[in-house]
Amino acid sequence: MAENTALKAPVQVTRSTLPPLDAYMDCVRDMFASRQMTNQGAYARRLEQSLADFLDVPALSLCANGTLALQLALRLLGLNGKKVITTPFTYVATLSALLWEGCTPVFADIDPETLCIAPAEVERLLAEHPDTAGILPVHVYGNACDVTRLANLAEKHALRVLYDAAHVFGSTLDGKSLFAWGDAAVGSFHATKLFHTVEGGCVIMPDEEDKRRLDLLRAFGHVGDEHKCLGINAKISELHAAMGLCLLPGVPDMLALRARKAALYDEALHMDGNPALRRPALAPGLTWNHAYYPVIFPNHASLVRTLTALSRRDIHPRRYFYPSLTRLPYVRSPACPVAEDMAERVLCLPFWPEIDEALIAEIAEVTLKETHA
Ligand SMILES: *Cc1c(COP(=O)(O)O)cnc(C)c1O
């Protein structure tokens, strides 16, 4: 296998951001002294407060991962066992959370420009499925859904809205946190995400009382000997919370670096005026976090050629999101033509804050060659 010239190791779609090792080890030493390793210890409590401040939201509960956070949020909103409209253009965890909570997912097709759920499709499906109890939209790639139109639809049809906000950490809409939209929003802090706790996630809700219920669900449903409801174990450990606390102060610099590296890709790919390649259109008013570097190819064949040529250099972009969830073997759904077409044509190119300029140039060169071939 030929090696990429910029780096010797295989190039994956992303690289986890890590804090200075000394800073993390100081936290570990502290835990070894206190011996509190989990059960909402000092690090978990501090991270919850720091994140609520950073994201400008009233209440936030950390969880073991984003998938469990979605499941708990579905229960918090009373959506378990109900019919929920969602998008087929997302990571499979959005769907698996619904299925594990006994929900019936109904897929609404996406907007071909933003790649987020299309409100007009949601409205059409609401007429067809009047028993729908909620909507689970996804802020795809850190872009924003049409939150205002979705809120209007929810109000008109008395629906609960749960946002899968796994990608949107650091994005803002009209200067405000996107986590504040909906009846609840869920973040993922998996190691591949922009901000992470190795494994982790959170539920964000506007209401302190909801946070108390969520915290019960997350920790077996009891406080001491008082058993209040059916719960599960979805707590975050102190080791995980400490990682988040060490990384959080670096987020603003990291967002700036991401914007700079994305601009280098844009330039190298001649995005301004390239008739073949395009990028998802950002929602009006969005300040993007550049969580990913997605590129929309003119057709499936050029995407596959690019993937093959890059993989010969040991460079491995990811097909986020492929296939459209309407095509999964355990799903039966009417087709969503836009999502199915986009899933065949979107590639996320390798992207992280410290990515080397020479590597960007190499990936762009191969991509241009294979799309014009
Ligand atoms: C990563 C991700 C999740 C799942 O989060 P985990 O923390 O890995 O469980 C859910 N939805 C989307 C859109 C994601 O990208």
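One-based numbering, in listed order, for ligands and for the atoms of each. Atoms considered below: every heavy atom in the structure, side chains included; atoms not considered: hydrogens, waters and symmetry mates.
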Quick one: which ligand 1 atoms are inside 4.0 Å of a heavy atom on Lys193? 1 (C), 2 (C), 14 (C), 15 (O)
Should Glu199 be listed as contacting ligand 1, given a heavy-atom distance under 4.0 Å as the test? no
Closest approach of any protein heavy atom to atom 15 (O) of ligand 1, naming residue and atom: His167 NE2, 2.7 Å
Is there a donor in the side chain of Tyr293 and an acceptor in the side chain of Asp266, or the other way round, less than 3.5 Å apart? yes
Asp215 pairs by side-chain contact (heavy atoms from CB on, under 4.5 Å) with which of Lys211, Arg213, Arg212? Lys211
As a quick check of understanding, evaluate salt bridge (Lys or Arg N to Asp or Glu O under 4.0 Å) for Glu354 and Arg15, giving each step before the final call. CA-CA 9 Å; Glu354 303 81 21; Arg15 261 183 213 193; over 6 Å; no
Specify the protein heavy atom at minimum distance from atom 3 (C) of ligand 1: its residue, its atom name, and the distance to 0.1 Å. Ala93 CB, 3.9 Å
How does Thr90 reach ligand 1, if at all, at less than 4.0 Å between non-hydrogen atoms: by side chain, backbone, both, or neither? side chain
Looking at ligand 1, is there an atom of it that comes within less than 4.0 Å of some heavy atom belonging to Ala69? no
Contact check: Gly66 vs ligand 1, nitrogen or oxygen atoms, below 3.5 angstrom: yes
Nearest heavy atom to atom 5 (O) of ligand 1 wins, so pick from Ala97, Gly201, Ser188. Ser188
Nearest to atom 11 (N) of ligand 1 by heavy atom, Thr67, Asp164, Leu95: which? Asp164
